[in-house]
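Reading through the C-alpha coordinates given below for one structure.
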Amino acid sequence: MQKQTLTILGATGSIGISTLRVLAEHPGRYRVHALTAQRNDALLLQQCRAFTPRYAVLSEAQAAARLRAALAAEGLATEVLEGVDALLDVASAPEVDSVMAAIVGGAGLLPTLAAARAGKKVLLANKEALVMAGELFMHAARASGAVVLPIDSEHNAIFQCLPIDAQGRFAQQKGCGFSKLILTASGGPFREQAHAALAEVTPEQACAHPNWVMGRKISVDSATLVNKGLELIEACHLFAVPPAKVEVLIHPQSIVHSLVCYDDGSMLAQLGNPDMRTPIAYALAWPERMTSGVAPLDLTQAANLQFQPPDLVRFPGLRLGREAMQAGGAAPLIYNAANEIAVAAFLAGQVGFLRIPAIIATVLEQAALPAPRSLEDVLRCDAEARALAQRCLP
Ligand code: NAD
Ligand code: MG
(Lines give C-alpha, C1' and ligand atoms only; values in the text may rest on other atoms or scores of the structure.)
(Ligands and ions follow the chains in the order given, each with its own letter.)
Protein backbone atom coordinates (compact mmCIF):
# COMPACT_ATOMS: atom_id res chain seq x y z
CA MET A 1 0.00 0.00 0.00
CA GLN A 2 1.18 3.53 -0.83
CA LYS A 3 2.22 5.72 2.08
CA GLN A 4 -0.72 7.90 3.13
CA THR A 5 -0.55 11.43 4.46
CA LEU A 6 -2.86 12.20 7.35
CA THR A 7 -4.11 15.17 9.35
CA ILE A 8 -5.58 14.48 12.79
CA LEU A 9 -8.01 17.15 13.97
CA GLY A 10 -8.37 16.81 17.75
CA ALA A 11 -5.18 14.77 18.20
CA THR A 12 -5.07 15.21 22.00
CA GLY A 13 -8.57 13.80 22.61
CA SER A 14 -9.69 10.25 23.22
CA ILE A 15 -10.14 9.46 19.49
CA GLY A 16 -6.98 11.37 18.51
CA ILE A 17 -4.89 9.40 21.00
CA SER A 18 -6.38 6.08 19.86
CA THR A 19 -5.63 7.04 16.23
CA LEU A 20 -1.98 7.70 17.05
CA ARG A 21 -1.80 4.35 18.87
CA VAL A 22 -2.99 2.62 15.69
CA LEU A 23 -0.45 4.56 13.59
CA ALA A 24 2.30 3.47 15.99
CA GLU A 25 1.43 -0.15 15.08
CA HIS A 26 2.26 0.60 11.44
CA PRO A 27 5.50 2.53 11.25
CA GLY A 28 6.26 3.76 7.74
CA ARG A 29 2.72 3.37 6.45
CA TYR A 30 1.43 6.86 7.33
CA ARG A 31 3.00 10.29 7.21
CA VAL A 32 1.48 12.81 9.65
CA HIS A 33 0.89 16.19 8.02
CA ALA A 34 -0.69 17.94 11.00
CA LEU A 35 -1.82 17.34 14.57
CA THR A 36 -4.27 19.80 16.12
CA ALA A 37 -5.60 20.58 19.59
CA GLN A 38 -7.45 23.32 21.40
CA ARG A 39 -5.02 24.07 24.24
CA ASN A 40 -3.13 20.97 25.44
CA ASP A 41 0.35 21.98 24.28
CA ALA A 42 2.08 19.57 26.68
CA LEU A 43 0.50 16.49 25.10
CA LEU A 44 0.84 17.92 21.60
CA LEU A 45 4.59 18.35 22.24
CA GLN A 46 4.91 14.65 23.13
CA GLN A 47 2.94 13.73 20.01
CA CYS A 48 5.17 15.97 17.85
CA ARG A 49 8.26 14.21 19.21
CA ALA A 50 6.82 10.80 18.36
CA PHE A 51 5.18 11.54 14.99
CA THR A 52 7.12 14.57 13.62
CA PRO A 53 4.20 16.25 11.85
CA ARG A 54 4.86 19.08 9.39
CA TYR A 55 2.44 21.30 11.36
CA ALA A 56 0.96 21.46 14.85
CA VAL A 57 -2.11 23.66 15.28
CA LEU A 58 -3.39 25.06 18.57
CA SER A 59 -6.55 27.12 18.87
CA GLU A 60 -5.24 29.14 21.79
CA ALA A 61 -2.46 31.61 21.09
CA GLN A 62 -0.70 31.24 24.46
CA ALA A 63 -0.57 27.46 24.12
CA ALA A 64 0.78 27.89 20.58
CA ALA A 65 3.54 30.19 21.87
CA ARG A 66 4.55 27.64 24.53
CA LEU A 67 4.66 24.81 22.00
CA ARG A 68 6.69 26.91 19.54
CA ALA A 69 9.29 27.64 22.22
CA ALA A 70 9.45 24.01 23.37
CA LEU A 71 9.87 22.66 19.82
CA ALA A 72 12.57 25.21 19.04
CA ALA A 73 14.44 24.31 22.25
CA GLU A 74 14.50 20.67 21.13
CA GLY A 75 15.42 21.50 17.54
CA LEU A 76 12.24 19.91 16.15
CA ALA A 77 11.12 21.13 12.70
CA THR A 78 7.33 21.04 13.26
CA GLU A 79 5.83 24.45 12.50
CA VAL A 80 3.22 25.74 14.96
CA LEU A 81 0.11 27.46 13.60
CA GLU A 82 -2.87 28.87 15.47
CA GLY A 83 -6.53 29.69 14.93
CA VAL A 84 -9.41 28.40 12.81
CA ASP A 85 -7.92 29.30 9.42
CA ALA A 86 -4.95 27.09 10.18
CA LEU A 87 -7.34 24.21 10.95
CA LEU A 88 -9.02 24.69 7.57
CA ASP A 89 -5.62 24.76 5.84
CA VAL A 90 -4.31 21.54 7.37
CA ALA A 91 -7.66 19.79 6.72
CA SER A 92 -7.62 20.69 3.02
CA ALA A 93 -3.92 20.89 2.06
CA PRO A 94 -3.25 19.24 -1.34
CA GLU A 95 -0.66 16.81 0.05
CA VAL A 96 -3.17 15.37 2.59
CA ASP A 97 -4.95 12.12 1.66
CA SER A 98 -6.97 11.47 4.84
CA VAL A 99 -8.35 13.61 7.64
CA MET A 100 -9.33 12.18 11.02
CA ALA A 101 -12.14 14.53 12.11
CA ALA A 102 -12.02 14.11 15.91
CA ILE A 103 -12.71 17.58 17.30
CA VAL A 104 -15.67 17.43 19.69
CA GLY A 105 -18.82 19.44 19.04
CA GLY A 106 -19.75 22.23 16.66
CA ALA A 107 -16.15 23.53 16.72
CA GLY A 108 -15.35 20.67 14.34
CA LEU A 109 -17.83 21.67 11.65
CA LEU A 110 -15.73 24.08 9.59
CA PRO A 111 -12.51 22.04 9.40
CA THR A 112 -14.42 18.78 8.82
CA LEU A 113 -16.43 20.42 6.04
CA ALA A 114 -13.20 21.84 4.58
CA ALA A 115 -11.85 18.27 4.34
CA ALA A 116 -15.06 17.09 2.65
CA ARG A 117 -15.02 19.99 0.20
CA ALA A 118 -11.38 19.26 -0.64
CA GLY A 119 -12.20 15.66 -1.60
CA LYS A 120 -10.29 14.01 1.24
CA LYS A 121 -10.90 10.62 2.74
CA VAL A 122 -12.77 11.88 5.81
CA LEU A 123 -12.60 9.64 8.87
CA LEU A 124 -15.62 11.02 10.65
CA ALA A 125 -15.73 10.88 14.45
CA ASN A 126 -17.13 14.40 14.86
CA LYS A 127 -20.81 13.39 14.63
CA GLU A 128 -21.98 16.86 15.69
CA ALA A 129 -20.74 18.26 12.34
CA LEU A 130 -23.02 15.88 10.47
CA VAL A 131 -25.99 16.56 12.77
CA MET A 132 -25.57 20.30 12.26
CA ALA A 133 -25.14 20.28 8.51
CA GLY A 134 -25.89 16.76 7.27
CA GLU A 135 -27.28 17.60 3.85
CA LEU A 136 -24.69 20.26 3.14
CA PHE A 137 -21.89 17.97 4.29
CA MET A 138 -22.96 14.90 2.31
CA HIS A 139 -23.60 17.07 -0.74
CA ALA A 140 -20.09 18.59 -0.45
CA ALA A 141 -18.59 15.10 -0.19
CA ARG A 142 -20.49 13.88 -3.26
CA ALA A 143 -19.51 16.97 -5.26
CA SER A 144 -15.80 16.68 -4.46
CA GLY A 145 -15.57 12.88 -4.50
CA ALA A 146 -14.64 12.76 -0.80
CA VAL A 147 -15.07 9.35 0.81
CA VAL A 148 -16.72 9.57 4.24
CA LEU A 149 -15.80 6.70 6.53
CA PRO A 150 -17.63 6.52 9.86
CA ILE A 151 -15.53 6.16 13.01
CA ASP A 152 -18.46 6.06 15.41
CA SER A 153 -18.47 2.36 16.34
CA GLU A 154 -22.16 1.85 15.47
CA HIS A 155 -21.91 3.46 12.04
CA ASN A 156 -18.62 1.75 11.36
CA ALA A 157 -20.33 -1.57 12.16
CA ILE A 158 -23.20 -0.76 9.80
CA PHE A 159 -20.76 0.31 7.08
CA GLN A 160 -19.13 -3.09 7.42
CA CYS A 161 -22.50 -4.88 7.06
CA LEU A 162 -23.92 -2.96 4.07
CA PRO A 163 -23.14 -3.29 0.36
CA ILE A 164 -20.73 -0.34 -0.12
CA ASP A 165 -19.49 0.96 -3.48
CA ALA A 166 -16.00 2.14 -4.35
CA GLN A 167 -16.88 5.71 -3.26
CA GLY A 168 -17.74 4.43 0.20
CA ARG A 169 -21.50 4.85 -0.31
CA PHE A 170 -24.33 2.48 0.54
CA ALA A 171 -25.29 1.01 -2.84
CA GLN A 172 -29.00 1.13 -2.03
CA GLN A 173 -30.25 -0.24 -5.34
CA LYS A 174 -33.63 -1.83 -5.79
CA GLY A 175 -33.42 -5.45 -4.82
CA CYS A 176 -30.59 -5.06 -2.33
CA GLY A 177 -33.09 -6.32 0.24
CA PHE A 178 -32.30 -3.75 2.91
CA SER A 179 -35.04 -3.37 5.54
CA LYS A 180 -33.64 -1.45 8.54
CA LEU A 181 -30.67 -0.52 10.70
CA ILE A 182 -30.40 -1.35 14.39
CA LEU A 183 -28.13 0.93 16.43
CA THR A 184 -27.03 -0.61 19.70
CA ALA A 185 -26.54 1.51 22.83
CA SER A 186 -24.87 0.48 26.06
CA GLY A 187 -27.45 2.44 28.04
CA GLY A 188 -24.71 4.38 29.84
CA PRO A 189 -23.90 4.41 33.56
CA PHE A 190 -27.51 5.13 34.66
CA ARG A 191 -29.25 2.42 32.66
CA GLU A 192 -30.86 1.00 35.79
CA GLN A 193 -31.19 4.15 37.92
CA ALA A 194 -34.62 5.28 39.03
CA HIS A 195 -35.78 8.55 37.46
CA ALA A 196 -35.78 10.43 40.78
CA ALA A 197 -32.14 9.48 41.48
CA LEU A 198 -31.05 10.92 38.11
CA ALA A 199 -31.65 14.45 39.40
CA GLU A 200 -28.73 14.08 41.81
CA VAL A 201 -26.03 12.51 39.62
CA THR A 202 -22.68 14.31 39.42
CA PRO A 203 -20.50 15.01 36.35
CA GLU A 204 -17.98 12.44 37.65
CA GLN A 205 -20.66 9.74 37.81
CA ALA A 206 -21.97 10.69 34.37
CA CYS A 207 -18.47 10.49 32.87
CA ALA A 208 -17.76 7.03 34.31
CA HIS A 209 -18.97 5.01 31.33
CA PRO A 210 -19.24 1.26 31.99
CA ASN A 211 -17.66 0.05 28.70
CA TRP A 212 -15.90 2.90 26.88
CA VAL A 213 -13.31 5.49 27.93
CA MET A 214 -14.21 8.71 26.06
CA GLY A 215 -14.09 12.50 26.25
CA ARG A 216 -16.32 14.16 28.86
CA LYS A 217 -18.92 15.59 26.46
CA ILE A 218 -19.69 12.31 24.68
CA SER A 219 -19.66 10.50 28.05
CA VAL A 220 -22.47 12.77 29.28
CA ASP A 221 -24.26 12.30 25.93
CA SER A 222 -24.07 8.54 26.46
CA ALA A 223 -25.51 8.90 29.95
CA THR A 224 -28.50 10.96 28.71
CA LEU A 225 -28.87 8.83 25.53
CA VAL A 226 -28.64 12.08 23.54
CA ASN A 227 -25.59 10.39 22.01
CA LYS A 228 -27.95 7.82 20.50
CA GLY A 229 -30.23 10.60 19.24
CA LEU A 230 -27.23 12.24 17.56
CA GLU A 231 -26.23 8.85 16.15
CA LEU A 232 -29.71 8.21 14.77
CA ILE A 233 -29.46 11.50 12.86
CA GLU A 234 -25.90 10.66 11.82
CA ALA A 235 -27.05 7.28 10.44
CA CYS A 236 -29.84 8.89 8.39
CA HIS A 237 -27.32 11.17 6.68
CA LEU A 238 -24.50 8.67 6.23
CA PHE A 239 -26.66 5.93 4.75
CA ALA A 240 -29.49 8.03 3.22
CA VAL A 241 -32.26 6.30 5.20
CA PRO A 242 -35.32 7.85 6.88
CA PRO A 243 -35.50 7.84 10.70
CA ALA A 244 -38.32 5.26 10.61
CA LYS A 245 -35.77 2.74 9.28
CA VAL A 246 -33.41 3.23 12.22
CA GLU A 247 -34.19 1.37 15.43
CA VAL A 248 -32.30 1.60 18.72
CA LEU A 249 -31.75 -1.30 21.12
CA ILE A 250 -30.03 -1.22 24.49
CA HIS A 251 -27.22 -3.78 24.57
CA PRO A 252 -25.36 -3.39 27.87
CA GLN A 253 -22.33 -5.51 26.91
CA SER A 254 -21.25 -3.29 23.93
CA ILE A 255 -20.07 -6.33 21.98
CA VAL A 256 -22.49 -6.17 19.03
CA HIS A 257 -21.73 -2.69 17.67
CA SER A 258 -24.82 -2.47 15.41
CA LEU A 259 -26.80 -4.49 12.87
CA VAL A 260 -28.33 -4.35 9.39
CA CYS A 261 -31.60 -6.19 8.74
CA TYR A 262 -32.52 -7.58 5.33
CA ASP A 263 -35.88 -8.56 3.83
CA ASP A 264 -35.09 -12.27 3.90
CA GLY A 265 -34.80 -12.30 7.69
CA SER A 266 -31.00 -12.03 7.75
CA MET A 267 -29.37 -9.75 10.28
CA LEU A 268 -25.73 -8.88 9.76
CA ALA A 269 -23.82 -7.61 12.77
CA GLN A 270 -20.27 -6.56 13.55
CA LEU A 271 -18.90 -7.77 16.88
CA GLY A 272 -15.72 -6.89 18.72
CA ASN A 273 -14.24 -5.76 21.99
CA PRO A 274 -15.32 -2.20 22.83
CA ASP A 275 -12.15 -0.42 21.71
CA MET A 276 -12.21 2.47 19.21
CA ARG A 277 -8.93 1.33 17.66
CA THR A 278 -10.93 -1.28 15.69
CA PRO A 279 -13.13 1.19 13.76
CA ILE A 280 -10.18 3.59 13.46
CA ALA A 281 -7.93 0.93 11.89
CA TYR A 282 -10.78 -0.18 9.64
CA ALA A 283 -11.30 3.34 8.31
CA LEU A 284 -7.58 4.10 8.00
CA ALA A 285 -6.95 1.00 5.91
CA TRP A 286 -10.25 0.87 3.98
CA PRO A 287 -10.83 -0.85 1.59
CA GLU A 288 -8.08 -3.07 2.99
CA ARG A 289 -7.80 -4.25 6.61
CA MET A 290 -4.87 -4.02 8.99
CA THR A 291 -4.11 -4.79 12.63
CA SER A 292 -5.38 -2.37 15.27
CA GLY A 293 -3.71 -3.66 18.43
CA VAL A 294 -7.10 -4.83 19.73
CA ALA A 295 -7.34 -8.40 20.96
CA PRO A 296 -9.88 -10.54 19.12
CA LEU A 297 -13.12 -11.15 20.92
CA ASP A 298 -13.23 -14.45 22.79
CA LEU A 299 -16.81 -15.56 22.25
CA THR A 300 -16.50 -18.29 24.86
CA GLN A 301 -15.73 -15.58 27.43
CA ALA A 302 -18.20 -12.95 26.17
CA ALA A 303 -20.97 -12.45 28.68
CA ASN A 304 -24.51 -13.38 27.78
CA LEU A 305 -25.56 -10.83 25.14
CA GLN A 306 -28.72 -8.92 26.04
CA PHE A 307 -30.94 -6.60 24.00
CA GLN A 308 -33.89 -4.52 25.16
CA PRO A 309 -35.84 -1.49 23.95
CA PRO A 310 -34.73 1.90 25.36
CA ASP A 311 -36.75 3.58 28.11
CA LEU A 312 -37.83 6.83 26.46
CA VAL A 313 -39.53 8.09 29.63
CA ARG A 314 -36.40 8.06 31.79
CA PHE A 315 -34.24 9.05 28.81
CA PRO A 316 -36.23 11.59 26.75
CA GLY A 317 -32.99 12.77 25.09
CA LEU A 318 -33.24 9.91 22.57
CA ARG A 319 -36.92 10.55 21.83
CA LEU A 320 -36.16 14.24 21.19
CA GLY A 321 -33.42 13.27 18.73
CA ARG A 322 -35.75 11.06 16.72
CA GLU A 323 -38.45 13.74 16.72
CA ALA A 324 -35.92 16.35 15.60
CA MET A 325 -34.86 14.19 12.64
CA GLN A 326 -38.50 13.49 11.75
CA ALA A 327 -39.27 17.22 11.87
CA GLY A 328 -36.21 17.98 9.70
CA GLY A 329 -35.23 21.53 8.77
CA ALA A 330 -33.35 23.27 11.57
CA ALA A 331 -34.54 20.85 14.29
CA PRO A 332 -31.48 18.53 14.34
CA LEU A 333 -29.20 21.56 14.44
CA ILE A 334 -31.20 23.05 17.34
CA TYR A 335 -31.14 19.70 19.16
CA ASN A 336 -27.35 19.61 18.92
CA ALA A 337 -26.79 23.25 19.85
CA ALA A 338 -29.05 23.12 22.91
CA ASN A 339 -27.41 19.90 24.02
CA GLU A 340 -23.90 21.34 23.76
CA ILE A 341 -24.85 24.31 25.95
CA ALA A 342 -26.74 22.14 28.45
CA VAL A 343 -23.92 19.58 28.74
CA ALA A 344 -21.30 22.29 29.26
CA ALA A 345 -23.50 23.78 32.01
CA PHE A 346 -23.95 20.35 33.62
CA LEU A 347 -20.19 19.68 33.53
CA ALA A 348 -19.61 23.11 35.11
CA GLY A 349 -22.00 22.24 37.95
CA GLN A 350 -24.50 24.92 36.87
CA VAL A 351 -27.47 22.63 36.18
CA GLY A 352 -28.56 19.13 37.18
CA PHE A 353 -28.54 16.09 34.90
CA LEU A 354 -32.28 16.12 34.22
CA ARG A 355 -32.09 19.71 33.02
CA ILE A 356 -30.16 18.56 29.93
CA PRO A 357 -33.14 17.02 28.07
CA ALA A 358 -35.43 19.68 29.57
CA ILE A 359 -33.33 22.48 28.06
CA ILE A 360 -33.21 20.70 24.69
CA ALA A 361 -37.00 20.32 24.71
CA THR A 362 -37.53 23.98 25.60
CA VAL A 363 -35.21 25.26 22.90
CA LEU A 364 -36.75 22.96 20.29
CA GLU A 365 -40.17 24.38 21.21
CA GLN A 366 -39.08 28.02 21.28
CA ALA A 367 -36.77 28.23 18.29
CA ALA A 368 -38.77 29.06 15.17
CA LEU A 369 -35.86 28.86 12.75
CA PRO A 370 -36.11 28.31 8.98
CA ALA A 371 -34.48 25.26 7.39
CA PRO A 372 -30.84 26.17 6.77
CA ARG A 373 -29.91 26.25 3.08
CA SER A 374 -26.28 27.35 3.27
CA LEU A 375 -23.35 27.21 5.65
CA GLU A 376 -24.10 30.80 6.68
CA ASP A 377 -27.67 29.74 7.58
CA VAL A 378 -26.30 26.83 9.61
CA LEU A 379 -23.95 29.07 11.57
CA ARG A 380 -26.67 31.68 12.17
CA CYS A 381 -29.26 29.11 13.35
CA ASP A 382 -26.65 27.44 15.54
CA ALA A 383 -25.78 30.74 17.21
CA GLU A 384 -29.47 31.55 17.77
CA ALA A 385 -30.22 28.14 19.26
CA ARG A 386 -27.19 28.41 21.56
CA ALA A 387 -28.34 31.85 22.71
CA LEU A 388 -31.82 30.47 23.48
CA ALA A 389 -30.26 27.60 25.44
CA GLN A 390 -28.10 30.05 27.42
CA ARG A 391 -31.29 31.80 28.50
CA CYS A 392 -32.50 28.53 30.07
CA LEU A 393 -29.50 28.52 32.44
CA PRO A 394 -29.71 29.92 35.98
P1 NAD B 1 -12.23 14.69 23.56
O2 NAD B 1 -12.88 15.74 24.37
O3 NAD B 1 -11.46 13.61 24.23
O4 NAD B 1 -11.23 15.39 22.51
C5 NAD B 1 -11.62 16.48 21.73
C6 NAD B 1 -10.48 17.00 20.87
O7 NAD B 1 -10.96 18.16 20.19
C8 NAD B 1 -9.25 17.44 21.67
O9 NAD B 1 -8.08 17.19 20.93
C10 NAD B 1 -9.47 18.96 21.81
O11 NAD B 1 -8.25 19.67 21.94
C12 NAD B 1 -10.15 19.28 20.50
N13 NAD B 1 -11.04 20.45 20.64
C14 NAD B 1 -12.04 20.60 21.55
N15 NAD B 1 -12.63 21.80 21.38
C16 NAD B 1 -11.99 22.41 20.35
C17 NAD B 1 -12.14 23.68 19.73
N18 NAD B 1 -13.06 24.57 20.14
N19 NAD B 1 -11.32 23.96 18.69
C20 NAD B 1 -10.38 23.09 18.27
N21 NAD B 1 -10.19 21.88 18.84
C22 NAD B 1 -11.00 21.54 19.87
O23 NAD B 1 -13.37 14.07 22.61
P24 NAD B 1 -13.46 12.58 22.01
O25 NAD B 1 -14.10 11.69 22.99
O26 NAD B 1 -12.15 12.20 21.40
O27 NAD B 1 -14.54 12.81 20.87
C28 NAD B 1 -14.22 13.46 19.66
C29 NAD B 1 -15.37 13.28 18.68
O30 NAD B 1 -15.50 11.90 18.37
C31 NAD B 1 -16.73 13.72 19.25
O32 NAD B 1 -17.48 14.30 18.23
C33 NAD B 1 -17.36 12.42 19.70
O34 NAD B 1 -18.76 12.46 19.65
C35 NAD B 1 -16.81 11.45 18.67
N36 NAD B 1 -16.74 10.06 19.14
C37 NAD B 1 -15.94 9.74 20.17
C38 NAD B 1 -15.86 8.43 20.63
C39 NAD B 1 -14.95 8.03 21.74
O40 NAD B 1 -14.82 6.85 22.04
N41 NAD B 1 -14.28 8.96 22.40
C42 NAD B 1 -16.65 7.45 20.02
C43 NAD B 1 -17.46 7.81 18.94
C44 NAD B 1 -17.50 9.12 18.51
MG1 MG C 1 -21.11 5.60 19.06
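Because the structure is a prediction, the values reported are computed rather than measured.
- Note on Leu268: it clusters hydrophobically with Ile158, by side-chain heavy-atom contacts below 4.5 Å among ILVMFWY residues.
- In His195, the NE2 atom is crowded: over 12 heavy atoms of neighbouring residues, nucleotides or ligands sit closer than 6.0 Å.
- Sparse packing is recorded around CD of Gln62, with 12 or fewer heavy atoms of other residues, nucleotides or ligands lying under 6.0 Å away.
- Between the side chain of Glu128 and the backbone N or O of Gly108, no donor-acceptor pair lies under 3.5 Å.
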**Report entry** Glu288 vs Arg29, salt bridge (Lys or Arg N to Asp or Glu O under 4.0 Å): CA-CA, chis, key distance, verdict
**Finding:** CA-CA 13 Å; Glu288 298 178 11; Arg29 186 163 172 164; 3.6 Å; yes

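- Aromatic ring orientation, Phe159 versus Phe239: tilted (interplanar angle from 30° to 60°).
- In this structure a side-chain-to-backbone donor-acceptor pair under 3.5 Å is present from Lys121 to Leu284.
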Requested in this report: Could you go through the ring pair (Phe, Tyr, Trp, His ring centres under 6.0 Å) check for His33 and Tyr55 one step at a time?
Outcome: CA-CA 6 Å; His33 178 72; Tyr55 298 103; 5.3 Å; yes

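- Applying the side chain to side chain donor-acceptor pair (under 3.5 Å) test to pairs two or more places apart or on separate chains, those with a residue in residues 380-394 are Glu340-Arg386, Asp377-Arg380, Asp382-Arg386.
- In this structure, the side chains of Phe178 and Asp263 stay at 4.5 Å or more apart for every pair of heavy atoms.
- Judged by distance alone, the side chain of Arg191 and the main-chain N or O of Ala223 form no donor-acceptor pair under 3.5 Å.
- Side chain of His251 to backbone of Val256: a donor-acceptor contact under 3.5 angstrom is found.
- Under the 3.5 Å distance criterion, with hydrogens and angles disregarded, no donor-acceptor pair is assigned to the side chains of His155 and Ser258.
- In this structure, Val122 and Thr112 have side chains that are in contact, with non-hydrogen atoms separated by less than 4.5 Å.
- Taking each heavy atom of Ile15 and Ala125 in turn, the nearest pair found is CG2-CB, 4.1 Å.
- The line from CG of Leu347 to SG of Cys207 is 5.5 Å long, rounded to the nearest 0.5 Å.
- Taking CG of Leu162 as the reference point, atom CZ of Phe170 lies at 5.0 Å (rounded to 0.5 Å).
- Salt bridge status for Glu247 with Lys228: absent, with no side-chain N to carboxylate O gap under 4.0 Å.
- A pairwise comparison of heavy atoms in Pro332 and Val131 identifies O-CG1, 3.5 Å as the closest pair.
- In this structure, Arg21 places its CZ atom where only 12 or fewer heavy-atom neighbours from other residues, nucleotides or ligands lie under 6.0 Å away.
- A donor-acceptor pair under 3.5 Å is absent between the side-chain atoms of Arg49 and the main chain of Leu44, judged by distance alone.
- In Glu74, the CD atom is crowded: over 12 heavy atoms of neighbouring residues, nucleotides or ligands sit closer than 6.0 Å.
- Within the structure, no pair that satisfies the ring-ring contact (aromatic ring centres under 6.0 Å, His included) test touches residues 311-338, not counting sequence neighbours.
- How far CG of Leu181 is from SG of Cys236: 8.0 Å, rounded to the nearest 0.5 Å.
- There is a side-chain donor-acceptor pair under 3.5 Å between Gln253 and Gln306.
- Under the 4.5 Å side-chain criterion, counting only non-hydrogen atoms from C-beta, Asn156 is not in contact with His257.
- Inter-residue side-chain proximity for Thr278 and Gln270 is flagged as met; some heavy-atom pair is nearer than 4.5 Å.
- A distance of 9.5 Å separates CG in Leu123 from CD1 in Ile8, rounded to the nearest 0.5 Å.
- Here the shortest heavy-atom pairing between Ser292 and Ala281 reads CB-CB, 3.5 Å.
- Side-chain contact between Tyr262 and Met267: absent, with no pair of heavy atoms (C-beta onward) separated by less than 4.5 Å.
- Residues Val22 and Thr291 fail the side-chain proximity criterion, which asks for heavy atoms closer than 4.5 Å.
- No donor-acceptor distance shorter than 3.5 angstrom exists from the side chain of Arg39 to the backbone of Ala63, with no hydrogens or angles considered.
- Contact annotation: the side chain of Ser144 never approaches that of Arg117 to less than 4.5 Å [non-hydrogen atoms, C-beta and beyond].
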Requested in this report: Run the numbers on Glu79 and Arg68 for salt bridge (Lys or Arg N to Asp or Glu O under 4.0 Å), then give the verdict.
Outcome: CA-CA 8 Å; Glu79 191 176 329; Arg68 216 169 270 128; over 6 Å; no

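- Taking CD1 of Ile360 as the start and CG of Asn339 as the end, the distance is 4.0 Å to the nearest 0.5 Å.
- Annotation for Cys48 and Leu35: closest pair N-CD1, 4.4 Å, computed over non-hydrogen atoms.
- The ring-ring contact (aromatic ring centres under 6.0 Å, His included) analysis of residues 347-389, with sequence neighbours excluded, yields the pairs Phe190-Phe353, Phe346-Phe353.
- Between Leu110 and Leu87, the closest side-chain pair of non-hydrogen atoms is not below 4.5 Å.
- Under a 4.5 Å side-chain heavy-atom cut-off, the cluster of Ile, Leu, Val, Met, Phe, Trp and Tyr residues that includes Ile17 is completed by Leu43.
- Side-chain atoms of His26 do not come within 3.5 Å of backbone N or O of Tyr30 as any donor-acceptor pair.
- Within 6.0 Å of the CD atom in Gln172, the count of heavy atoms belonging to other residues, nucleotides or ligands exceeds 12.
- A salt bridge between Glu154 and Lys127 is absent, with no side-chain N of the basic residue lying under 4.0 Å from a carboxylate O of the acidic one.
- Each of Thr19, Ile280, Leu124 was compared with Ile151 under the side-chain contact (heavy atoms from CB on, under 4.5 Å) criterion, and only Ile280 meets it.
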Listing, residues 89-105 side-chain donor-acceptor contacts under 3.5 Å, not counting sequence neighbours, or none:
unit_1	atom_1	unit_2	atom_2	d
Ser92	OG	Leu88	O	2.7
Asp97	OD2	Thr5	N	2.7
Ser98	OG	Gln4	OE1	2.8

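- Taking 4.0 Å as the cut-off between side-chain N and carboxylate O, Glu25 and Arg277 do not count as a salt-bridged pair.
- Among all heavy-atom pairs drawn from Val351 and Ala342, the shortest one is CG2-O, 4.0 Å.
- Side chains of Asn211 and Ser254: a donor-acceptor N/O pair is present below 3.5 angstrom, by distance only.
- Using modelled atom types, one side-chain atom of Asp165 and one backbone atom of Gln167 make a donor-acceptor pair closer than 3.5 Å.
- Taking CG of Leu130 as the reference point, atom CE of Met138 lies at 6.5 Å (rounded to 0.5 Å).
- Closest non-hydrogen pair, Ala337 versus Ala385, comes out as CB-CB, 3.7 Å.
- Evaluation of the ring-ring contact (aromatic ring centres under 6.0 Å, His included) test over residues 59-104, restricted to residues two or more places apart or in two chains, returns none.
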